[in-house]
Peer 1: 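Here it is, the structure, as structure tokens.
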Amino acid sequence: AGKSTVRFYPIVGPMMLAKDFDRFRTVPLALFLACLTMGAVVMAHVGLLSAMRRAGEIAVHRAEGATKRDVVVQFLAEGGVLALLGALVGVGVGCGLAELRVRLEPTTGVTWEFPFDEAWVAVVVSVVVGVLACVVPARRAAGTEPAEALSDE
């Protein structure tokens, strides 16, 4: 009655609720690790499916003189390229969502800046995890004997 409402500006909330905000600092890291784990599982499954579908191709490649090491390197390179493309698309989508959020924000004081350090760390970690997730499928593909793989076809 005759009094103005209290408005919480971005600086007031953290000052009043500092203890509550401390636990939310780990949320981005937890989300990153969850997405990284899901990405590793997907990469491993894609690698295993690729090894199974391309058994005949790998057998011909081995019969032509490729070593097991050559097959492993081929699969790891493919996994690295897929992981790099996925990480770069993820960074692009994240930037697009950040820009969209800023444009839709009803207040005028919100801006965003590209996080170069975090983006590079995310891309490098994603590529390393993607390549590591392809190690088992690559070894499985390389372990297939050409005669066995070609006899199934």
Side-chain angles (χ1 to χ4, degrees), residues 6-62 64-144 146 149:
V6 177
R7 293 186 183 178
F8 289 100
Y9 291 100
I11 197 165
V12 175
M15 287 177 12
M16 292 178 65
L17 305 169
K19 291 180 207 170
D20 294 330
F21 283 113
D22 285 340
R23 66 184 156 147
F24 292 113
R25 290 183 184 170
T26 58
V27 171
L29 178 62
L31 287 174
F32 176 71
L33 292 176
C35 291
L36 200 61
T37 302
M38 287 185 285
V41 169
V42 168
M43 287 295 296
H45 284 192
V46 166
L48 284 171
L49 288 174
S50 179
M52 290 169 45
R53 279 188 50 213
R54 295 167 54 190
E57 173 191 336
I58 295 166
V60 170
H61 192 57
R62 291 275 319 278
E64 290 174 342
T67 63
K68 290 182 178 184
R69 185 173 189 269
D70 294 335
V71 174
V72 169
V73 168
Q74 176 186 347
F75 270 80
L76 292 180
E78 290 174 5
V81 169
L82 282 175
L84 178 63
L85 289 175
L88 293 177
V89 167
V91 167
V93 168
C95 289
L97 289 174
E99 182 66 28
L100 180 67
R101 187 210 181 271
V102 167
R103 289 183 188 261
L104 296 177
E105 180 65 33
T107 61
T108 59
V110 177
T111 61
W112 78 281
E113 190 175 294
F114 185 77
F116 288 101
D117 294 339
E118 290 86 356
W120 287 115
V121 168
V123 168
V124 168
V125 169
S126 298
V127 170
V128 168
V129 169
V131 169
L132 290 176
C134 290
V135 168
V136 171
R139 294 188 74 192
R140 180 178 176 162
T144 305

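Model, not experiment: these values are computed from the prediction.
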Peer 1: Got a sec, which pairs hit side chain to side chain donor-acceptor pair (under 3.5 Å) with one end in residues 125-137, sequence neighbours left out?
Peer 2: none
Peer 1: Apply side-chain contact (heavy atoms from CB on, under 4.5 Å) to residues Arg62 and Lys68 and explain how you reach the verdict.
Peer 2: CA-CA 8 Å; Arg62 291 275 319 278; Lys68 290 182 178 184; 3.7 Å; yes
Peer 1: Provide the closest heavy-atom pair for Val91 versus Val123 in the form atom of the first, atom of the second, distance.
Peer 2: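 Looks like CG2-CG2, 3.9 Å.
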Peer 1: When rounded to the nearest 0.5 angstrom, what is the spacing between SG in Cys134 and CD in Gln74?
Peer 2: 12.0 Å
Peer 1: Would you give the length of the straight line joining atom CG of Leu31 to atom CG of Leu36, rounded to the nearest 0.5 angstrom?
Peer 2: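 Leu31 atom CG to Leu36 atom CG measures 12.0 Å (nearest 0.5 Å).
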Peer 1: Which pair of heavy atoms, one from Ala83 and one from Met43, lies closest together, and at what distance?
Peer 2: N-CE, 4.2 Å
Peer 1: Would you indicate whether the side-chain heavy atoms of Leu29 and Leu33 approach each other to under 4.5 Å?
Peer 2: yes
Peer 1: Tell me whether Arg54 at atom CZ has more than 12 heavy atoms from other residues, nucleotides or ligands lying less than 6.0 Å away.
Peer 2: yes
Peer 1: Check Leu84 against Val127 and note the closest heavy-atom contact, atom names and distance.
Peer 2: CA-CG2, 3.6 Å
Peer 1: Would you indicate whether the side-chain heavy atoms of Ile58 and Phe75 approach each other to under 4.5 Å?
Peer 2: yes
Peer 1: Might you point out which heavy atoms bring Ala40 and Ala133 nearest each other, and give the distance in Å?
Peer 2: O-CB, 3.4 Å
